[in-house]
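Because only heavy atoms are used, hydrogens play no part in the values below, and waters and symmetry mates are left out as well, while side chains stay in. As the structure is a computational prediction, the values presented were derived from the model and not from experiment. If you read the sequence from its start, that first residue is 1, and numbering goes on from there.
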Amino acid sequence: MSPQSNHNQDKSALKKWATWGVVVGTAIWTTFFFGFLVISALFPKIIPDSWFLNMIKEQPAGTIGVAICAISSFSVIVVLDIFSRDSISFKFFNFEFKGASGPVILWIMCFLAFVIGTGLLWETRNTVV
């Protein structure tokens with residue numbers, strides 16, 4: 001085996017482990033976060049004056065919504081990366097994004113789309129009610 005193919009296999013293995021590490025870490029964080037919310041909702045006397053719960057009650061779109069937008073954007077990028085045969089790359093206004101910049105820029109675009117959509121829905125909800 002040539003040193004180049006060895007290097008490519010190591011890089012592929014590292015990418016696989018890093019991706020799964022982020023996915024598992026996100027799943028653990030999300031499980032803890034929603035577990036905390038469920039326990040707080042079912043048993044409110046356990047954590048009566050939590051600053052975190054007060055913040056969630058006052059600004060649910062800003063606290064929960066932004067986190068869900070970030071996780072959803074990441075999920076879109078991971079699914080695209082897993083199911084595509086090549087690395088994610090695209091052209092946008094004569095700029096070409098490939099390599100590591102492709103997924104990062106695409107994540108930013110997805111995240112902004114989710115946040116703007118959530119913001120528009122939240123504004124509509126607050127003005128109608």
Side-chain angles (χ1 to χ4, degrees):
M1 231 191 286
S2 71
Q4 182 65 23
S5 75
N6 237 359
H7 176 69
N8 287 341
Q9 285 179 343
D10 290 345
K11 191 174 179 181
S12 176
L14 178 62
K15 182 179 176 181
K16 179 179 137 186
W17 283 105
T19 301
W20 279 109
V22 171
V23 169
V24 169
T26 302
I28 290 170
W29 178 83
T30 304
T31 302
F32 169 76
F33 180 73
F34 285 114
F36 177 77
L37 290 177
V38 167
I39 289 172
S40 299
L42 294 177
F43 307 105
K45 295 186 189 241
I46 292 176
I47 311 169
D49 295 326
S50 170
W51 65 270
F52 185 64
L53 289 177
N54 290 335
M55 185 171 51
I56 289 172
K57 289 176 189 173
E58 292 172 13
Q59 296 293 329
T63 51
I64 297 172
V66 173
I68 290 173
C69 290
I71 292 168
S72 300
S73 300
F74 174 75
S75 299
V76 168
I77 303 307
V78 168
V79 167
L80 285 175
D81 195 32
I82 289 172
F83 287 118
S84 68
R85 298 188 191 275
D86 298 326
S87 62
I88 297 174
S89 62
F90 58 94
K91 286 186 176 184
F92 186 72
F93 290 123
N94 292 329
F95 292 103
E96 187 172 351
F97 300 102
K98 58 183 178 178
S101 67
V104 171
I105 298 299
L106 193 56
W107 181 87
I108 291 169
M109 290 170 50
C110 286
F111 177 71
L112 289 176
F114 282 134
V115 168
I116 290 169
T118 302
L120 290 173
L121 289 173
W122 192 259
E123 272 184 38
T124 304
R125 180 188 163 272
N126 286 334
T127 56
V128 172
V129 174

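Both F95 and L106 are members of a single hydrophobic cluster when ILVMFWY side chains are connected at heavy-atom separations under 4.5 Å. Hydrophobic clustering (side-chain heavy atoms under 4.5 Å, transitive across Ile, Leu, Val, Met, Phe, Trp, Tyr) groups I39 together with L42.
Considering every non-hydrogen atom in both C110 and S73, the closest pair reads C-OG, 3.4 Å.
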Would F114 and I68 satisfy side-chain contact (heavy atoms from CB on, under 4.5 Å), going step by step from the backbone distance to the final call? CA-CA 9 Å; F114 282 134; I68 290 173; over 6 Å; no
Going through the distances and angles, do V23 and F74 end up as a side-chain contact (heavy atoms from CB on, under 4.5 Å)? CA-CA 9 Å; V23 169; F74 174 75; 3.9 Å; yes
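For the atom pair OG (S72) and CH2 (W107), the distance works out to 11.0 Å, reported to the nearest 0.5 Å. The CD1 atom of I71 lies 6.0 Å from the OG1 atom of T26; values are rounded to the nearest 0.5 Å. We find the CD1-CD1 distance between I105 and I77 to be 10.5 Å, quoted to the nearest 0.5 Å.
Shown are I64, L112, I116, V115; of these, the side-chain contact (heavy atoms from CB on, under 4.5 Å) with C69 is made only by V115.
Residue W29 places its CH2 atom among more than 12 non-hydrogen atoms of other residues, nucleotides or ligands, all under 6.0 Å distant.
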